[in-house]
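Please read the structure below before turning to the comments.
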There are 2 protein chains.
Amino acid sequence: MNISQAAAATGLSAKTIRYYEQQGVVAPAERSDNGYRTYSSAHIDELKFIKRTRSLGFSLEEGRDLLRLAQDPNRTSAEVKNKALEHIEKITEQIEALDAMRAALLPIVEQCQGDESNECPIIDQLSGRSQ
Amino acid sequence: MNISQAAAATGLSAKTIRYYEQQGVVAPAERSDNGYRTYSSAHIDELKFIKRTRSLGFSLEEGRDLLRLAQDPNRTSAEVKNKALEHIEKITEQIEALDAMRAALLPIVEQCQGDESNECPIIDQLSGRSQ
DNA sequence: CCTTGACCTTCCCCTTGGGGGAAGCTTTAC
DNA sequence: GTAAAGCTTCCCCCAAGGGGAAGGTCAAGG
């Protein structure tokens, strides 16, 4: 299984797969005689695992940690749950920050006529006028 | 007014102020004979303007565009409102993406005992088992 | 007068998660 | 035999600065 086939099998790009290997996130691929990377189904599973962690918003480093836990028979579910809860906390903070921006922006934007005049409460607000 | 005083006046770091100047976001500071940057109240206002756009989640480039509109007497409020609405749209999309992650994560995490056992539905999910 | 500490300057490397593309090899298909 | 496609490594690029080095300047104190 070449890298382009691994890419097709995982939905990742070849570039991304090389990057994950170089970052030590997944086990390095075997090499065939010509130097090409060769992928087993175990590699594919690792790549898919990381893809799922990424889609849930985990960083690559967190994904790597989770993969190690997944492969460690001595892990405890408490360790895993802790990481997940911390991550949920971070997501929640990000949502709150974005909500605050939106809440600050919406009423000002609604006040703006959006016409051909140059008078604009959005600009006034950003300029510190009409505070 | 030196850069550290401008920093104190705006709440930005000196590094950030230099960066904004180098990126062409704000007008370059005057230089005194020793080469030190010198800031007028107009500069301070520009820096504060950009700081407000940043705190509302606008990119530096968007902040620069908004500052140019603010200084352009021929602007229309429609232009400004358009940019603001696009930005709100982006924020909304980000919130939705984060909400989706949280919604996907929460039920799995709740199923996890978080004890000393290695059995863990979070790991199962990430591994594609018990899908 | 001289020194020391606090400024200031530019410069380069670092972060995240890859994308784009060059240079050079190999393999595949016709 | 040759051309296209695939693979390799390598380096530069993005956002928004932070950290810190090397070197010039300025103000205060002994």
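Computed from a predicted model, the values in this text were never measured in an experiment. Sequence lines set the chain letters: A, B, ... in the order given, protein chains first and strands last, and positions in each chain run from 1.
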| query | Is the phosphate of dG17(C), meaning OP1 or OP2, less than 4.0 Å from a side-chain N or O of Thr16(A)? | reply | no
| task | Please name the pair of heavy atoms, one in Cys120(A) and one in Val80(B), separated by the smallest distance, quoted to 0.1 Å. | result | SG-CG1, 3.6 Å
| field | side chain to side chain donor-acceptor pair (under 3.5 Å) pairs, two or more places apart, involving residues 94-107 of chain B | value | Thr92(A)-Arg102(B)
| Which of residues 18-31 of chain B have a heavy atom under 4.0 Å from DNA chain C? | Arg18(B), Arg31(B)
| task | State the CD1-CG distance between Ile122(A) and Leu66(B), to the nearest 0.5 angstrom. | result | 8.5 Å
Please write out each protein N/O paired with an N/O of nucleotides 22-30 of chain C under 3.5 Å, distance rounded to 0.1 Å.
none

| request: Spell out, as yes or no, whether a donor-acceptor pair under 3.5 Å connects the side chain of His87(B) to the backbone of Leu105(A). | output: no
| message | Could you measure the distance from the CG atom of Leu126(B) to the OG1 atom of Thr53(A)? Nearest 0.5 Å is fine. | response | 6.5 Å
| message | So, taking the atom named NZ in Lys90(B) and the one named CD in Glu93(B), what distance separates them when rounded to the nearest 0.5 Å? | response | 9.5 Å
| query | Which pair of heavy atoms, one from Gly114(B) and one from Ala78(A), lies closest together, and at what distance? | reply | O-CB, 3.4 Å
| query | Would you say Ile3(A) and Tyr36(A) make side-chain contact, with heavy atoms under 4.5 Å? | reply | no
| task | Tell me which residues in residues 91-100 of chain B put a heavy atom below 4.0 Å from DNA chain C, sorted by number, or none. | result | none
| Qualifying salt bridge (charged side-chain N to carboxylate O under 4.0 Å, His left out) pairs, either residue in residues 70-85 of chain B, two or more places apart | Asp65(B)-Lys83(B)
| In whole angstroms, how far is the P atom of dG17(C) from the CG atom of Leu47(A)? | 16 Å
| field | side chain to side chain donor-acceptor pair (under 3.5 Å) pairs, two or more places apart, involving residues 103-119 of chain B | value | Ser77(A)-Asp115(B)
| message | Over the length of the helix from dC1(C)-dG30(D) to dC30(C)-dG1(D), how much do the five-pair end axes diverge, rounded to 10 degrees? | response | 30°
| message | Reading DNA chain D in the 5' to 3' direction, which nucleotide is the first one with an atom under 4.0 Å from a heavy atom of chain B, and which is the last? | response | dA16(D) to dC26(D)
| field | Ser13(A): partners by side-chain hydrogen bond (donor to acceptor under 3.5 Å, both in side chains), with sequence neighbours left out | value | Thr16(A)
| task | Working to the nearest 0.5 Å, report the span between CG of Leu69(A) and CG of Asn74(A). | result | 11.0 Å
| request: Let me know the distance between CG of Leu12(A) and P of dG17(C), rounded to the nearest Å. | output: 14 Å
Let me have the donor-acceptor pairs involving side chains of residues 40-51 of chain B, under 3.5 Å, with sequence neighbours excluded, atom names and distances please.
| residue | atom | partner | partner atom | Å |
| --- | --- | --- | --- | --- |
| Ser40(B) | OG | Ala42(B) | N | 3.3 |
| Ser40(B) | OG | His43(B) | N | 3.3 |
| Ser40(B) | OG | His43(B) | ND1 | 3.1 |
| His43(B) | ND1 | Ser40(B) | N | 3.1 |
| His43(B) | NE2 | Pro28(B) | O | 3.3 |
| Glu46(B) | OE1 | Ala27(B) | N | 2.9 |
| Glu46(B) | OE2 | Gln71(B) | NE2 | 2.9 |
| Lys51(B) | NZ | Thr10(B) | O | 3.1 |

| Under the salt bridge (charged side-chain N to carboxylate O under 4.0 Å, His left out) rule, what pairs show up with a residue in residues 25-39 of chain B, not counting sequence neighbours? | Glu21(B)-Arg31(B), Glu21(B)-Arg37(B)
| task | Might you point out which heavy atoms bring Phe58(B) and Gly63(B) nearest each other, and give the distance in Å? | result | CB-N, 4.4 Å
| said: side-chain contact (heavy atoms from CB on, under 4.5 Å) for Leu12(A) and Tyr19(A)? Distances and angles first, verdict last. | reply: CA-CA 11 Å; Leu12(A) 299 169; Tyr19(A) 180 69; over 6 Å; no
| Heavy-atom closest pair, residues Thr38(B) and Ala29(B) | O-CB, 3.6 Å
| note | Distance col, row Leu56(A):CG vs Ile88(A):CD1, nearest 0.5 angstrom, shows 9.5 Å
| Nucleic acid contacts of residues 56-69 of chain A, taken as heavy-atom distances under 4.0 Å to DNA chain C | Ser59(A), Leu60(A)
